[in-house]
Amino acid sequence: MERTEIRPCRAEDAPLLGRHLPAPGAPARHADRFARQEAGAGTYLLAWRGGEPVGHGQVRWDGCAAPEVRATVGDCPEFNGLDVRADLRSRGIGTALIRGAEELVRARGGTALGLGVARDNPRAAALYARLGYAPVTAYTDRWTWADRDGRVHEEADACVFLVRELSAG
């Protein structure tokens with residue numbers, strides 16, 4: 001099996017992200033996540049295989065923004081936006097990204113990590129359950145994004161927020 005390297009995004013990674021992990025509906029996604037990392041509010045993790053980025057996700061150190069989630073788990077760090085290139089799914093890359101996020105949380109003294117899953121995404125829900133994440137609350141994930149023409153789009157997904165308590169090791 002080919003080795004997957006997990007590491008935080010660097011400025012020089014930006015040109016490769018657009019080529020290998022396109023975000024057609026949200027062209028500023030990578031830049032926004034990198035800017036959040038640069039501001040200290042998150043860590044944008046990338047998965048690499050053979051010198052190419054093949055997956056990504058972001059640890060949001062201030063937790064999930066949804067009021068329903070914050071009322072339940074406070075500012076528990078959230079792993080947000082997990083995505084793996086479609087042709088490489090089910091090969092351990094998503095698991096490696098989640099485990100990398102867990103290591104970052106532990107290194108900062110955190111004891112739990114949360115993540116959301118859309119109710120219409122049973123495949124992701126099964127992965128998270130297998131990794132020990134348990135549901136804590138239902139919520140609506142709301143976000144906006146601007147397309148290449150500058151039009152702002154509002155989106156919403158019915159989701160469940162899951163949390164895993166992290167051991168020291």
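Closest heavy-atom contact between V84 and G94: CG2-N, 3.7 Å. Shortest non-hydrogen contact noted between A125 and V117 is N-CG2, 3.8 Å. Annotation for P135 and V160: closest pair CB-CG1, 3.7 Å, computed over non-hydrogen atoms. Residues F161 and Y139 share a closest heavy-atom pair of N-CE2, 3.5 Å. In terms of heavy atoms, L113 sits closest to P77 at CD1-O, 3.4 Å. The heavy-atom pair separating D75 from D62 by the smallest distance is CB-O, 3.7 Å.
Counting heavy atoms from C-beta on, the side chains of D13 and F34 never come closer than 4.5 Å. Side-chain contact check for R33 versus N80: some heavy-atom pair is nearer than 4.5 Å. Side-chain atoms of L45 and L104, non-hydrogen and from C-beta on, do get closer than 4.5 Å to each other. Counting heavy atoms from C-beta outward, L21 and D83 have side chains that stay 4.5 Å or more apart. Looking only at side-chain heavy atoms (C-beta outward), Q37 and P8 come within less than 4.5 Å of each other. Considering only heavy atoms from C-beta on, E103 stays 4.5 Å or farther from I6 through its side chain. Using a 4.5 Å heavy-atom threshold, the side chains of R60 and R36 count as touching. In this structure, E155 and T144 have side chains that are not in contact, with every pair of non-hydrogen atoms separated by 4.5 Å or more.
Cluster annotation: V59 and W48 are assigned to distinct hydrophobic clusters (Ile/Leu/Val/Met/Phe/Trp/Tyr, side-chain heavy-atom contacts under 4.5 Å, transitive). When the side chains of ILVMFWY residues are joined at heavy-atom separations under 4.5 Å, either directly or via intervening members, V73 and W61 end up in two distinct hydrophobic clusters. Hydrophobic clustering places L88 together with I98 (ILVMFWY residues linked when any side-chain heavy atoms are closer than 4.5 Å, directly or through intermediates). V136 and Y133 fall into different hydrophobic clusters, defined by Ile, Leu, Val, Met, Phe, Trp and Tyr side-chain heavy atoms under 4.5 Å apart, directly or through other members. If you chain together hydrophobic residues whose side chains sit under 4.5 Å apart, V54 and L127 fall into the same group.
Shown here are the side-chain contact (heavy atoms from CB on, under 4.5 Å) partners of R123, two or more places apart in sequence or in another chain: R89, S90, N121. E5 meets the salt bridge (Lys or Arg N to Asp or Glu O under 4.0 Å) test with R7; sequence neighbours excluded. With sequence neighbours excluded, no residue forms a side chain to side chain donor-acceptor pair (under 3.5 Å) with T72. The salt bridge (Lys or Arg N to Asp or Glu O under 4.0 Å) check on D149 picks up R151, with sequence neighbours excluded. Every residue two or more places apart in sequence or in another chain was checked for a salt bridge (Lys or Arg N to Asp or Glu O under 4.0 Å) with E165, and none qualifies. Residues that satisfy the ring-ring contact (aromatic ring centres under 6.0 Å, His included) test with Y44, not counting sequence neighbours, are H56.
Of the possible polar contacts, one joining the R70 side chain to the C64 backbone as a donor-acceptor pair under 3.5 Å is found.
Residue-environment remark: CD (E154) stays at or below the threshold of 12 foreign heavy atoms within 6.0 Å.
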Legend entry - Intermediate values then yes/no, side-chain contact (heavy atoms from CB on, under 4.5 Å), V105 and F79: CA-CA 10 Å; V105 171; F79 191 56; over 6 Å; no

Inset, instruction - With side-chain contact (heavy atoms from CB on, under 4.5 Å) as the test, would you mind laying out the steps for C159 and V69 before giving the verdict? - result: CA-CA 10 Å; C159 294; V69 174; over 6 Å; no

Legend entry - Derivation of the side-chain contact (heavy atoms from CB on, under 4.5 Å) call for R49 and I93: CA-CA 9 Å; R49 279 196 175 176; I93 297 167; 3.8 Å; yes

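One finds a salt bridge joining R99 and E102 here, because a Lys/Arg side-chain nitrogen approaches an Asp/Glu carboxylate oxygen to under 4.0 Å.
One distance of note links CG of L162 with OG1 of T137; it measures 10.5 Å at 0.5 Å rounding. Note: L46 CG to Q58 CD = 10.5 Å, rounded to the nearest 0.5 Å.
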